[in-house]
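I have placed the structure first, in the form of structure tokens, so that the comments after it can refer back to it.
Order of listing sets the numbers, starting from 1, for every ligand and every atom in it. No experiment lies behind these values; they were computed from the predicted model shown.
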Amino acid sequence: MPKNLVAMSDLSNEEVYELIRRGLELKNGAKPLAREDLFVGNLFFENSTRTKHSFEVAEHKLKLNVINFETSTSSINKGESLYDTCKTLEMIDCKILVIRHPEREYYKNLRKLNIPLVSGGDGSGEHPSQCLLDLMTMYERFGKIEGLNVVIVGDIKNSRVARSNYNILTRLGAKVNFVCPEVFVDKTLGQVVDFDEIISQVDVCMLLRVQHERHDGQVIFDKESYHTGYGLTLERYKKLKDGAIIMHPAPVNRGVEIADELVEAEKSLIFEQMKNGMYVRQAILEKIIRDNNL
Ligand code: ASP
């Protein structure tokens, strides 16, 4: 079976640190692997700006041949299954597939494939490459993950970013608390705390977008009251410790989960996360190539 990266459980703690360190090395100017003989397919069945394009840039930096699968003009619209689509790409010599799909654990139906998969997100399941860029950003700033005090704020229940980060951060010895309205609680994850009580204690304040696309119209939502109750307002920002950082996987809804003027505030690493994503995705692809002897 190919060595995939579809969830953080695919990686040992050591492998996580290897990817973080390699991402930082690449950021500091190390030369990436160059493999102009390999083809990689990007299949995005859900909206994406950062993940899709930073994977694409990462692939070009590794000199890979990139096939951007067109979901809207492909035979998926003629009823072809995801498995048959991926098998087709395997048969025409694609060596890696990067897939984002709205179905949680979509990759379970692809087990018979003989081509490594890198997930760009599976519905509300996991988002491993985002999680690795988050870890790289924390490690770059603090020089460690163990012992960090992290609060994740927002739509925890529907967020693949929250799930991936919770799993690995706790495994690596960080403390993770959540802040969210009752309707966004995920009881399988860590404890929910009061934002105004925790804010002054955290090293990392990670904000998440409300995942409206997964609510089926069932959640009553008001931007202003959400911002007052659960957003990073200027008052809350002022309570953060000196060295604390703000993170957000983006897209950001300014004025909802974070006040407009704080998106690029001194403590915000939101745009730096995007840069780190390009490097960590190169590291991921290098690892997939190596681990699968491609
Ligand atoms: N871009 C992230 C994701 O794909 C976060 C978000 O969409 O809110 O999960």
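In this structure, a donor-acceptor pair under 3.5 Å is present between the side chains of E140 and N276. There is a side-chain donor-acceptor pair under 3.5 Å between D155 and H215.
In summary, the atoms of ligand 1 found under 4.0 Å from a heavy atom of R100, numbered by their order in the structure, are 4 (O). Proximity to V161 (heavy-atom distance under 4.0 Å) selects the following atoms of ligand 1: 9 (O). Those atoms of ligand 1 with a heavy atom of P251 less than 4.0 angstrom away are 1 (N), 6 (C), 7 (O). Taking a cut-off of under 4.0 Å to the non-hydrogen atoms of H127, the atoms of ligand 1 that pass are 3 (C), 4 (O), 9 (O).
Taking only nitrogen or oxygen atoms, main chain and side chain alike, Q211 reaches within less than 3.5 Å of ligand 1. The N/O atoms of A250, backbone and side chain alike, include one that comes under 3.5 Å of an N/O atom in ligand 1. Considering backbone and side-chain N/O atoms, R214 never comes within less than 3.5 Å of an N/O atom of ligand 1.
Note on E15 versus K287: salt bridge recorded, some NZ/NE/NH1/NH2 to OD/OE distance being below 4.0 Å. Between R214 and E46 there is a salt bridge, since at least one side-chain N of the basic residue sits less than 4.0 Å from a carboxylate O of the acidic one.
Looking from atom 7 (O) of ligand 1 to the surrounding protein, the closest heavy atom is R209 NH2, 3.0 Å. The protein atom (non-hydrogen) at minimum distance from atom 9 (O) of ligand 1 is R160 NE, 2.8 Å.
Sparse packing is recorded around CD1 of I220, with 12 or fewer heavy atoms of other residues, nucleotides or ligands lying under 6.0 Å away.
Proximity of the aromatic rings of F45 and Y106 is defined here by a centroid distance below 6.0 angstrom, and this criterion is not met. Checked against the 6.0 Å centroid threshold, F221 and Y226 count as a close aromatic pair.
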